[in-house]
Amino acid sequence: MNILLTGAGGQIGADLVGALVAAGHRVVATDLRPQAAGQGATWRTLDVTDAAAVDAVIADERPDTVFHLAAILSASGERTPAQAYAVNQTGTWNLLEACRIHGVTRFIFTSTIAVYGPGLPDPCPDDVPLHPTTMYGVTKASGELLCEYYWKKHGLDCRGVRFPGLISAALPGGGSTDYALFMYVDGIRHGGYESFARADTRVPLMYMPDGVRALLELAAAPRPQLSRCVYNIAAFSPRADQIAASVARAVPGIRITYAPDPLRQGILDSWPRALDDRLARDDWGWRAAYSLDAMTDDLVPKVRALLDQRAGLAP
Ligand code: SER
């Protein structure tokens, strides 16, 4: 397939681009700041808020499938809501319009647990009233509705997942779930971490290899098997202090303390603690592979390698 990604320089793209290239696809990876040598993909500059630029790149590259990853995450979005609206809302509209006009077949959308608001059941099913508390959540809930609209109205085959907080060998990027990633990154590079989330914080999380596989499997699923456009997917929901214990098992001697930040703690407390992903399991056979401890065992050497690589690049 001819695939185009937006926001390919972010946390998901860091692993998804290589997986798509390895699967034999022709991949055009776009971002605000394209990477020079990027995992076998062609890189192009693209600001998704620029409708003319989005139209031009889709017209030029003629992808069959678009993976739309570009987004401002929950914590960053509360600091810059206008930018979050522009990137997440207008950017999604620009992409959907360009895909419709130029006959793209399939549009893969990355949604989030942030579409949910407080007071929902645990585990939380797909179809509940959505009352998100962040601009990120508002724009992603709207993006889900736009996906459904373009599918029903224009036949653009839109599919997506609601991602839990994703953890990978990457530097944190403005999400409220970054406390989990920081426990690994700062635990390894500084020997400890002061968590901005309380010890008893519990939200849905997932290891990136499962997240990438979910996107690949959903993108490949026969459309008649899909009963909806956007699906919950789930892996595990440990308390913050259980993540700390898992990291400490693999990185002995680290010290994790807790100093909750009201903004990010408030966002985390507004989300369900676990997701019900039964529909994804039933419709396209989704099932997460990694537990918390399996993730830790796989991730710790990768975070060490990332930090060594960055130290090697430092002047
Ligand atoms: N990781 C995201 C965030 O915290 C949730 O999708 O914003």
Side-chain angles (χ1 to χ4, degrees), residues 6-7 10-16 67-81 83-85 87-89 91-92 108-118 120 123-124 126 130-144 147 160-185 195-198 201-212 214-215 230-238 240 243 260-275 277 280 288 292 295 299:
T6 68
Q11 191 194 2
I12 298 173
D15 289 307
L16 180 60
F67 285 75
H68 180 37
L69 311 178
I72 306 288
L73 296 182
S74 60
S76 301
E78 291 313 282
R79 293 187 198 105
T80 57
Q83 193 197 10
Y85 188 89
V87 172
N88 302 353
Q89 181 80 53
T92 297
I108 310 299
F109 185 62
T110 45
S111 193
T112 163
I113 45 170
V115 298
Y116 295 118
L120 294 169
C124 187
D126 299 78
L130 299 183
H131 296 289
T133 62
T134 62
M135 183 57 75
Y136 176 57
V138 167
T139 54
K140 286 291 186 178
S142 167
E144 290 188 5
C147 282
V161 291
R162 286 187 187 137
F163 273 128
L166 288 166
I167 301 175
S168 62
L171 296 184
S176 302
T177 54
D178 285 353
Y179 67 93
L181 184 47
F182 271 122
M183 287 186 184
Y184 293 89
V185 173
S195 168
F196 61 75
R198 280 190 322 267
T201 303
R202 190 194 283 275
V203 293
L205 298 172
M206 179 176 284
Y207 189 32
M208 187 63 84
D210 274 336
V212 164
L215 290 177
V230 181
Y231 288 85
N232 278 357
I233 53 171
F236 43 79
S237 296
I243 304 170
D261 163 53
L263 172 72
R264 286 173 288 184
Q265 187 69 59
I267 294 171
L268 291 162
D269 288 343
S270 77
W271 293 342
R273 288 186 282 186
L275 298 184
D277 61 0
L292 172 63
M295 173 180 77
L299 179 59

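Counting starts at 1 for both ligands and their atoms, following the listed order.
- Across every non-hydrogen atom of Y179 and A240, the tightest pair is CE1-CB, 3.8 Å.
- Heavy-atom proximity to L73, at under 4.0 Å, picks out these atoms of ligand 1: 7 (O).
- Close approach of ligand 1 to S176 is summarised as follows: ligand atoms under 4.0 Å from at least one heavy atom of the residue are 3 (C), 4 (O), 7 (O).
- Counting only heavy atoms from C-beta outward, the side chains of L275 and Y116 approach each other to under 4.5 Å.
- With hydrogens and angles disregarded, a donor-acceptor distance shorter than 3.5 Å links the side chain of Q11 to the backbone of L166.
- A donor-acceptor pair under 3.5 Å is absent between the side-chain atoms of D277 and the main chain of A280, judged by distance alone.
- Formation of a donor-acceptor pair under 3.5 Å by the S176 side chain with backbone atoms of Q265 is not found in this model.
- Neither the backbone nor the side chain of Y179 comes within 4.0 Å of ligand 1, counting heavy atoms alone.
- With ligand atoms numbered from 1 in the order given, ligand 1 contributes 5 (C), 6 (O) to contacts under 4.0 Å with heavy atoms of T112.
- Closest protein heavy atom to atom 7 (O) of ligand 1: S74 OG, 2.6 Å.
- Shortest contact from atom 2 (C) of ligand 1 to any protein heavy atom: T177 OG1, 3.9 Å.
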